Amino acid sequence: MEKAPNFMVVGAAKAGTTSLYHYLQQHPDVFMPVEKEPHHFSQVRPDPAKRAFYKHIPDRATYLALFSGVRAERAIGEASTSYLWDEETPRRIREFNPATRIIIMLREPVQRAYSHYLNDVREGYEKRPFLTAIEEDLRAERKGWGVSSLYVDLGRYCEQVRRYLEFFPGQVLVLFFEEFIRDPRAALRQTFSFLGVDPEFAEQVELEIHNPYAEPTSLGRVLLGSGMARTAARILVPRGVRAAARDRMLKVKPKPSMDTRAGELLSRVYAGEAECLAELLGRPVPWSTTAPAAPS
């Protein structure tokens with residue numbers, strides 16, 4: 001068996017892909033590499049100052065080495081959330097393997113953007129208020145993974161999904177975060193069936209919360225927000241030790257409320273997105289993005 005991926009979880013970011021990645025790892029007939037988010041097919045090019053915060057593997061040999069541990073698994077995959085947003089990725093994946101199966105997870109786009117923002121705050125490199133970050137994101141002329149925040153653009157799902165449906169007809173599974181968290185085992189049965197592995201294993205998957213909201217401690221804010229510290233840690237500190245140290249630098253807390261002005265702005269930006277998706281997929285989506293009435 002060739003040790004190369006035959007399915008991809010392509011996004012969206014902050015839509016439950018980390019939990020899905022961990023659940024897929026548990027299936028005995030599914031292989032997922034230890035390294036989540038290699039971003040190989042999007043060929044991301046972060047700004048030099050942000051490079052340490054955006055891990056990526058552009059080299060094909062290094063990328064394929066992630067799958068050296070494949071044994072007899074039938075479904076071999078990886079998860080990189082830049083793939084849904086990047087326009088060139090579907091073509092690159094098709095050129096690599098036209099039989100690739102594609103899994104897309106979507107989340108109500110306003111909540112996705114806010115979760116994305118809170119993630120960046122936790123990671124120590126977002127200092128702006130949410131409304132300011134959204135307004136500057138909308139005005140940004142240079143955009144890219146590791147170049148701008150993309151809080152807004154990653155939620156423009158309709159055209160992103162359309163690209164994959166065109167490049168991989170009959171090979172795309174679209175899941176919704178809201179349905180996934182309401183009944184994860186049903187979503188997993190659907191996913192395992194789509195991948196051609198035993199769907200009943202969904203009953204044995206150990207469910208747990210991944211990526212809960214957390215804020216960095218004072219020391220964590222300094223270290224997590226330092227590109228030099230991150231780079232040194234990846235070189236000098238074993239993965240397991242890094243994970244344990246990271247946990248000690250974060251404190252799980254209740255998620256803060258969203259600035260209502262930011263929510264209203266985003267609702268106007270995403271107006272029509274749900275309707276477009278519903279028409280594209282031939283089924284309703286579990287949210288509405290109708291723009292709120294303008295204040296009088």
Side-chain angles (χ1 to χ4, degrees), residues 1-41 57 63-84 89-90 93-94 96-107 157 161 164-165 167-212 239-240 243 277 281-286:
M1 175 185 294
E2 183 182 7
K3 295 184 177 182
N6 53 33
F7 80 90
M8 306 273 177
V9 180
V10 301
K14 308 310 298 178
T17 59
T18 297
S19 291
L20 180 60
Y21 162 81
H22 286 289
Y23 297 157
L24 287 168
Q25 279 187 318
Q26 295 182 40
H27 198 294
D29 212 12
V30 176
F31 180 91
M32 299 291 283
V34 173
E35 184 77 36
K36 183 180 182 284
E37 308 262 8
H39 301 293
H40 175 69
F41 291 100
I57 300 177
Y63 173 72
L64 291 177
L66 296 176
F67 306 94
S68 60
V70 172
R71 298 184 185 279
E73 296 91 346
R74 284 189 292 166
I76 305 166
E78 60 114 320
S80 294
T81 54
S82 62
Y83 292 174
L84 182 60
T89 293
I93 294 176
R94 183 171 178 81
F96 175 75
N97 179 4
T100 300
R101 293 183 179 272
I102 303 296
I103 299 174
I104 298 172
M105 286 193 69
L106 304 177
R107 179 181 186 177
Y157 300 138
V161 172
Y164 277 96
L165 294 177
F167 274 91
F168 299 94
Q171 298 164 220
V172 179
L173 173 65
V174 178
L175 302 171
F176 292 104
F177 173 83
E178 293 78 7
E179 296 172 351
F180 182 75
I181 59 174
R182 184 168 61 245
D183 192 348
R185 296 197 192 279
L188 287 172
R189 283 193 295 273
Q190 183 183 13
T191 303
F192 291 151
S193 179
F194 173 73
L195 295 176
V197 299
D198 181 13
E200 296 309 312
F201 187 80
E203 301 305 315
Q204 302 178 47
V205 170
E206 295 183 13
L207 302 176
E208 58 182 302
I209 297 175
H210 295 278
N211 275 348
R239 181 186 295 272
L277 267 176
L281 299 175
R283 59 188 173 104
V285 302

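Quantities reported herein were computed from a predicted structural model and do not represent experimental measurements.
- Between the OH atom in Tyr23 and the CD atom in Glu208 there is a gap of 6.5 Å [rounded to 0.5 Å].
- A donor-acceptor pair under 3.5 Å is absent between the side-chain atoms of Gln190 and the main chain of Leu173, judged by distance alone.
- Note on ring orientation: taking the six-membered ring where Trp is involved, the planes of Phe31 and Phe67 are tilted (angle from 30° to 60°).
- Going from atom CZ of Phe168 over to atom CE of Met8 covers 8.0 Å, rounded to the nearest 0.5 Å.
- One finds the CZ atom of Phe41 at 4.5 Å from the CZ atom of Phe96 (value rounded to the nearest 0.5 Å).
- Of the inter-residue distances, the one linking Leu64 atom CG with Ile57 atom CD1 reads 10.0 Å to the nearest 0.5 angstrom.
- Judged by distance alone, the side chain of Asn6 and the main-chain N or O of Leu195 form no donor-acceptor pair under 3.5 Å.
- Every residue two or more places apart in sequence or in another chain that forms a side chain to side chain contact (heavy atoms under 4.5 Å, CB included) with Phe167 is listed here: Pro90, Arg91, Arg94.
- Side-chain contact between Leu175 and Phe194: absent, with no pair of heavy atoms (C-beta onward) separated by less than 4.5 Å.
- Between Tyr63 and Glu78, the shortest heavy-atom contact is OH-OE2, 2.7 Å.
- For Thr89, the side-chain hydrogen bond (donor to acceptor under 3.5 Å, both in side chains) partners at least two apart in sequence or on another chain are Asp86.
- Nearest heavy-atom pair, Ala79 versus Lys36, reported as atom, atom and distance to 0.1 Å: O-CG, 3.7 Å.
- No more than 12 heavy atoms of other residues, nucleotides or ligands lie within 6.0 Å of CD in Glu206, so this atom counts as exposed by the packing criterion.
- Proximity of a side-chain donor or acceptor of His39 to a complementary backbone N or O of Ser80 within less than 3.5 Å is not detected.
- A distance-only check finds no donor-acceptor pair linking the side chain of Arg107 to the backbone of Ala12 [under 3.5 Å].
- In terms of heavy atoms, Gly16 sits closest to Phe180 at O-CE2, 4.3 Å.
- Side-chain contact between Leu20 and Met105 is present, with heavy atoms from C-beta onward closer than 4.5 Å.
- Within the 4.5 Å cutoff, the side chain of Leu66 has no heavy atoms near those of the His40 side chain.
- With Ile104 as the partner, the side-chain contact (heavy atoms from CB on, under 4.5 Å) test is satisfied by one option alone out of Phe176, Tyr164, Tyr83: Tyr164.
- Between Leu24 and Met32, the shortest heavy-atom distance links the atoms CB-CG, 4.0 Å.
- In this structure, the separation between OG1 on Thr17 and NE2 on His22 is 9.5 Å, given to the nearest 0.5 Å.
- Nearest heavy-atom pair across Val197 and Arg74 is CA-NH2, 3.8 Å.
- Closest of all the heavy-atom pairs between Pro286 and Glu178 is CG-OE1, 3.8 Å.
- Distance check, rounded to the nearest 0.5 Å: CG of Leu277 to CG of Leu106 gives 6.0 Å.
- In this structure the side chain of Ile76 never reaches within 4.5 angstrom of the side chain of Lys3, judged on heavy atoms.
- Listed for the Thr100 side chain is a donor-acceptor partner under 3.5 Å among the backbone atoms of Asn97.
- Formation of a donor-acceptor pair under 3.5 Å by the Glu203 side chain with backbone atoms of Arg185 is not found in this model.
- In this structure, the side chains of Glu37 and Tyr21 stay at 4.5 Å or more apart for every pair of heavy atoms.
- With a 4.5 Å cut-off on side-chain heavy atoms, Leu165 and Ile102 do not count as touching.
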